[in-house]
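Input: a single structure, listed below in structure tokens.
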Amino acid sequence: MKYVIGIIQPDRLDEVLKRLTEEEINLVTVSNVLGRGRQKGVAQVYRSHKEQGSLLKKIKLEIAVNEAFVERTVKAITDGAHTGQIGDGKIFVLDLPECVRIRTGERGNEAIG
Amino acid sequence: MKYVIGIIQPDRLDEVLKRLTEEEINLVTVSNVLGRGRQKGVAQVYRSHKEQGSLLKKIKLEIAVNEAFVERTVKAITDGAHTGQIGDGKIFVLDLPECVRIRTGERGNEAIG
Amino acid sequence: MKYVIGIIQPDRLDEVLKRLTEEEINLVTVSNVLGRGRQKGVAQVYRSHKEQGSLLKKIKLEIAVNEAFVERTVKAITDGAHTGQIGDGKIFVLDLPECVRIRTGERGNEAIG
Amino acid sequence: MLATWDRSIRPAGEARLVIGVLGALAVLGGTAAVARAGEQAAAAAPAVPVPARVDSGDTAWVLVSAALVMLMTPGLAFFYGGLVRRKNMLSVLMQCLMLLCLISLQWVVLGYSLSFAPGTGLIGGLKWLFLSGVGLEPNADYAATIPHQVFMMFQMMFAVITPALIIGAFAERMKFSSLCVFMLLWATFVYDPVAHWVWGVGGFLRQWGALDFAGGTVVHINAGMTALAAALVLGRRQGYPEGISPPHNLPFAVLGAALLWFGWFGFNAGSALGAGGLAGSAFTVTHIAAAAAGLTWALLDWLKHKKPTTLGMITGAVGGLVSITPASGYVTPAGAICIGIGAGLIPWVAVTYIKAALGYDDALDAFGVHGVGGIWGAIATGLFATKSVNPAGADGLFYGNPVLLWIQIKTVLITVVFSFVVGLVLLKLVQACMGLRVSEHEERVGLDLALHREAAYTVID
Amino acid sequence: MLATWDRSIRPAGEARLVIGVLGALAVLGGTAAVARAGEQAAAAAPAVPVPARVDSGDTAWVLVSAALVMLMTPGLAFFYGGLVRRKNMLSVLMQCLMLLCLISLQWVVLGYSLSFAPGTGLIGGLKWLFLSGVGLEPNADYAATIPHQVFMMFQMMFAVITPALIIGAFAERMKFSSLCVFMLLWATFVYDPVAHWVWGVGGFLRQWGALDFAGGTVVHINAGMTALAAALVLGRRQGYPEGISPPHNLPFAVLGAALLWFGWFGFNAGSALGAGGLAGSAFTVTHIAAAAAGLTWALLDWLKHKKPTTLGMITGAVGGLVSITPASGYVTPAGAICIGIGAGLIPWVAVTYIKAALGYDDALDAFGVHGVGGIWGAIATGLFATKSVNPAGADGLFYGNPVLLWIQIKTVLITVVFSFVVGLVLLKLVQACMGLRVSEHEERVGLDLALHREAAYTVID
Amino acid sequence: MLATWDRSIRPAGEARLVIGVLGALAVLGGTAAVARAGEQAAAAAPAVPVPARVDSGDTAWVLVSAALVMLMTPGLAFFYGGLVRRKNMLSVLMQCLMLLCLISLQWVVLGYSLSFAPGTGLIGGLKWLFLSGVGLEPNADYAATIPHQVFMMFQMMFAVITPALIIGAFAERMKFSSLCVFMLLWATFVYDPVAHWVWGVGGFLRQWGALDFAGGTVVHINAGMTALAAALVLGRRQGYPEGISPPHNLPFAVLGAALLWFGWFGFNAGSALGAGGLAGSAFTVTHIAAAAAGLTWALLDWLKHKKPTTLGMITGAVGGLVSITPASGYVTPAGAICIGIGAGLIPWVAVTYIKAALGYDDALDAFGVHGVGGIWGAIATGLFATKSVNPAGADGLFYGNPVLLWIQIKTVLITVVFSFVVGLVLLKLVQACMGLRVSEHEERVGLDLALHREAAYTVID
Ligand SMILES: Nc1ncnc2c1ncn2[C@@H]1O[C@H](COP(=O)(O)OP(=O)(O)O)[C@@H](O)[C@H]1O
Ligand SMILES: Nc1ncnc2c1ncn2[C@@H]1O[C@H](COP(=O)(O)OP(=O)(O)O)[C@@H](O)[C@H]1O
Ligand SMILES: Nc1ncnc2c1ncn2[C@@H]1O[C@H](COP(=O)(O)OP(=O)(O)O)[C@@H](O)[C@H]1O
């Protein structure tokens, strides 16, 4: 199993979720993060004090999937989040040795979906 | 070492923390996430516009533990978070090759606790 | 490749970011978390009801790096976050088998930087 | 006209007390009947002819005061809302807004008439149902220099905020539909009668010479005692006390307290029903008592917990405002400072020790602050009142007159018993018919989503 | 003086309507010319000599009212701001603040003169440019008991909030610079003329006997119709309707609604321009209509969505305040309840069904609430007005006089057409010169950062 | 009575200035002694007999104004609070609330007497300690048509907000206990004397003919200069300037600014102490100056940073309100626009360039806005004042009278020196006794948790 982490632009979330649904990847965990990447932040101004604002709002997705779904997941995220502009984000794929569904106590591949 | 990630219902947090303490697992990192799972969200209504609200508030726990503690951690989370209803959440266990305590510079098994 | 997770004190963020920049580690994802560790929280008081406040505000950093950068990353975080007091935090290093840059579709070592 | 107490009691005080309470309970069974009777009684007693003319300055002040008191209900919503958990924020705001709408209409339809129309000693008549006869000319019985409708509106705002105060006791767990029904009943069977007793022409407590300038009894004791009943009937929130998170947004609570303080100038100084010396005096003592009480609570926190807390300070200030309310037209600045100190101290003890000891879950201390603070204020009026401030008032114990204190204590007792008992009965009634408390699941999810299909704040947007 | 309608219409009603609209459009081409002419015309007609003396009570009330109405613009900013997405919060606040500054100055420079200076039936003269001649003595044409400057300031606050209402239609996508230019034009070519027609001495709708106590036509229909035009011209937000997140901070919206409600007492009761019975009556019906409308909307939500919503309740209350505005000096409490129920129902239908059916993106329902609610209010004035409340008014249909209703309908039609058409023309003009809408990228990033280089809230600090 | 300046200066202006400052410093050593002497002096000079009668309209307006000014302190709390970091939000609210309580009581006990009781030119007497003799009859020396207590309460609110303004300079790093002690001293040794000089009967600046309608000198310069001293004495926050996060909640800052603006109508127009033409004029120019200044700052931001900022606009508006304060009873709308433009420009320069150049950390620009804006306002009063607005005032430079400007400049200098020096001395004194600044650790953790054991917002609940 793999643990897929995606960092995307906030306004691409809806699109990514739609693509994931189309691929029947319904289970996903989402959170707010700030990212520093190649994208230059816009300088914020407070009473003429400029704040470089290098940390930009991003959305983080976490999706645990079986091996068979990894590429589909990556593709769904990429398709939904891609705009071709700097700041589009990254996907990280980690190994996931174990997974437990709290409700049933199931483990492994059965638990993940 | 393992890196245990748990996604639970917000109102089970207190119970889970209590169980973890009982197992002498005191170190834990907690954050707000939104989850899309099997649980159907309640439709929100704004001026008669229905918002499906598929993303529900969840709590994410991250706990780095030595191998010996993995099962106890999983059990503590499961026991604390289990209600038997859809939406109870998941536990993911990742491998953790290295760990550093910033204060002392200790590494590995010593650093984790 | 490695996926480095750092949990630090909120007020050390600026310093850590500076150190990372000095090491030419520009890409980083930051988020708010609450941590329970060795550090004892300050008891909060609400109408004479004491709330132990065991969960303290922390900042979580996530940095995906090539192997060659792992030690520099750990050192930059450690240097920036270290105060010698309890609560300084932890660094966790996970294996990262795969990485994708959404904008270009690049994979692996090229995508990470 | 409030100074007629001296010949009214002593002999049959206790008997009257009992009769009063019983009579009041009887109201529950037959408000309309009693009221109609009262109407006839009143018809027999012609009002003293007072030359009534609208004064623009007085009217301006009471209009402003009515607007200020109206603002207190949203103020209270934020004061309370900031203290609950994030998932219940809107439910508190919604409850307050609903009362603002619902009780305003109840007041128009029958509340004002039951409270202020000529009637018996126990309840007003039905003459002013649907505001018939409540016109733009002054009604000299209540205020000779402002339009009758303005007096009615000013009083409406009191009728609205009083039930809203009760919300604090059952926050985070009450069914919304039951709340609406209960509050309609409560306004009709508790608020309106008590308002009549104390303020209505012919009201029996007014006859006795009980002093309640701006509603210590009618508003605060009344709401506070039913709040206690509600806390007992509904039971504790899940996880109380350890598992309840701290206030989700203290700045909102501070905002609410600020709006309450601001509005209270209308509440108390507006109760002079004109813009003159008495309003000025009420304004002064209101502010001073709030300041003294806020400081006192902060200092007590400082002593006990090593640090002064913001929540403590605003709670104290609200307590001070509560306690000065009945006294605000009768005491000097020095009296106000004393009342304020007591208002910091006594509710602080109630909230810190008594609540913890007895274990009821008065979630936002509606009883602890309004009930206890209101009782202190009513009694303190019996101590500190002086005719030097208001010749239409009376002298209190410290000005050589023990009788007033006794009247005030009796008034408190009657109101305490009446509000608690009738509140309890109404709660049980609603509980039997439709339930009072949300399901365990709804409580966990939070009332905002469960009962209103909304979230106060977005997490990601 | 508003009761001259009975001999004015019937015969040539339609002809006048057409002339009126055409004439009004002509204004666009030659405001100044028309105005100068008007000035001369006015000079010929000497004002009726009324002994004018400043009354301190009336002045106090109108000063307070002006302050209250001023507070409505920030109130509106929070009402609207709470409903947008986090990334656009400041843009809404900034737009409202900018209008507060900009239109205040426009009013001083020429707006007040165009609206209220003696002129023609279509526009005021230029006599009071830069407030010259607007002094501290009363102007008996408008208010005989308060300083002229106080009347001018009270009216200024109306001129400020009206364009601010329009913001709701194009929130989250309008260029800030274009907004400033558009609003300056709109104030001059739409607001000022309409204010003159309805309220200015010699204004043609006033001559007809149209009743608009506090601005249902001038403020709400006017803003609402241009809002509709703006929603159409600017087009939908990206992702509308599914991709738009829910309100980012409903408590702020509730706070805004509370401040609006509070300020509306100044808006409506202040429009009596004195502190007496009429102000009291306006105060009363304003509150009652708001309560009835809030309750109605909540009940409709309860019926349709199984749960009453907070947003529904405050939207309804604001709708009630909108609808009672033109009627507030002419109707009884019973009339207010009827108007309030209509004000809950009709905008609810507009927002729930019509908006969805037609598919325009009136982001915060500026048209749905203010336009539709304002139209209902103006027509309802023709139904429920009664001379028993205000002898200077007129009787409506339900009091036996169908003529008023007809006048009101014509007034509505004229304003609807004028505001929509001229609003549209001005929008197209600004669009042609400098564009109206931010770039797709700026819309995605959010206006706060893109246009103002600020973020409303920090994420980490 | 303020027009006696023409014969008072020229010859011995400088000498008097020196004497004045020295004399003022002497106050520090012997307030009580001086005061007692003053009392006797005053006893010798009987007040001119003026027939004093309470006017309900005037009283209504001043009551409202007092309530409005009271609301400014919470308004300021939110204005400031929104600008600090999340972890210090409550500390700012708490400081403002504490001053509201503490200084109100100080005012009752001795502040009012020191400021307004008959005394010497340098300090009021002790006759009115504990408000003895401050009753419900008017005191014709100050306001012949409102109860004396109402005047006292109105002035109290000024005494409260002035020290609260200083908070902006040392936000996020001051010890709470030291703040309480320092502020008590400051109110007694700085505010009360300066209030007496300018407004007290017999106050020497008043004798000179210095014009300060609503407190430009007494409130803003006074607070602003001590703020500067505080910024210097306490030193910079850790990480200043780069490491300081942006404002944590700009909507709260906007809310605060809106409440300030709203309250300022009471501040300035209430200072007319009656509801008539003068109040109307003050109301008008107050609003216009705020609008002009807000617009100016926004435009300057637009020029320099390509985008107008919300924070800039509200800062400008507050600056405008500050600057118009001393002039608000003496200038025309045109004068107000000029003052407003200056009030946008000059503090903008101070905050943008001077603060950066000098490197002191005036965290929320208490000096930059209130000090600098207050100085501009006091001087501008010497330029734009005209007797055509207020015959009791004087003509300024642009109305042909250079003397007033000179008086204003001297007044500014005296106040600047006095507030800065005495403020500094008091700060050093408190620093020596109990320290001023929290520990490095407490500053890192945030004052909310470290000093008050509370968190403004929950993270998870
Ligand atoms: N190596 C990395 N480690 C952690 N987070 C990263 C890394 N690279 C990118 N990110 C996250 O992805 C976001 C987008 O990256 P950025 O470089 O701006 O986009 P792009 O990949 O289009 O050049 C960053 O803001 C950051 O949050
Ligand atoms: N495969 C997954 N990847 C990421 N997050 C998941 C996954 N499965 C579940 N979750 C998280 O766990 C939460 C609970 O899942 P859900 O399916 O509703 O519960 P249950 O396991 O009881 O059926 C989800 O809202 C989501 O946040
Ligand atoms: N084993 C762990 N698993 C998850 N989070 C941890 C773990 N150990 C520490 N943390 C995080 O690091 C933070 C700091 O840890 P703490 O023990 O207080 O510091 P120190 O390492 O200086 O003793 C904690 O609040 C928690 O968020």
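- Contact annotation for I86(A): both backbone and side-chain heavy atoms come within less than 4.5 Å of a heavy atom of chain C.
- Among L94(C), I112(C), V30(C), the residue making the largest number of heavy-atom pairs under 4.5 Å with chain A is V30(C).
- With a 4.5 Å cut-off on non-hydrogen atoms, I25(C) touches chain A through its backbone but not through its side chain.
- Sorted pairs that involve residues 22-43 of chain C and meet ring-ring contact (aromatic ring centres under 6.0 Å, His included), not counting sequence neighbours, are lacking altogether.
- Checked against V100(C) for a side-chain contact (heavy atoms from CB on, under 4.5 Å), the options V74(A), I77(A), V4(A) give a single hit: V74(A).
- Taken from CD1 in I59(C) to CG in L34(A), the straight-line distance is 8.5 Å, to the nearest 0.5 Å.
- Taking CD1 from I102(C) and CD1 from I7(A), the interatomic distance works out to 8.5 Å, rounded to the nearest 0.5 Å.
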With 3.5 Å as the limit, can you list every donor-acceptor pair between chain C and chain A, backbone and side chains included?
from    : atom 1 : to     : atom 2 : distance (Å)
T21(C)  : OG1    : R36(A) : NH1    : 3.1
T21(C)  : OG1    : R36(A) : NH2    : 3.3
I25(C)  : O      : R36(A) : NH2    : 3.2
N26(C)  : O      : R36(A) : NE     : 3.0
V28(C)  : N      : R36(A) : O      : 2.9
V28(C)  : O      : R36(A) : N      : 2.7
V30(C)  : N      : L34(A) : O      : 2.6
V30(C)  : O      : L34(A) : N      : 2.7
E62(C)  : OE1    : K60(A) : NZ     : 2.5
E62(C)  : OE2    : K60(A) : NZ     : 3.1
E98(C)  : N      : V93(A) : O      : 3.4
E98(C)  : O      : V93(A) : N      : 2.9
V100(C) : N      : I91(A) : O      : 2.7
V100(C) : O      : I91(A) : N      : 2.8
I102(C) : N      : G89(A) : O      : 3.0
R103(C) : O      : H82(A) : NE2    : 2.9
R107(C) : NH1    : E71(A) : OE2    : 3.1
R107(C) : NH2    : E71(A) : OE1    : 3.1
A111(C) : O      : K90(A) : NZ     : 3.1
I112(C) : O      : K90(A) : NZ     : 3.1
G113(C) : O      : R38(A) : NE     : 3.4
G113(C) : O      : R38(A) : NH2    : 2.9

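- For residues 10-33 of chain C, no pair satisfies ring-ring contact (aromatic ring centres under 6.0 Å, His included), with sequence neighbours left out.
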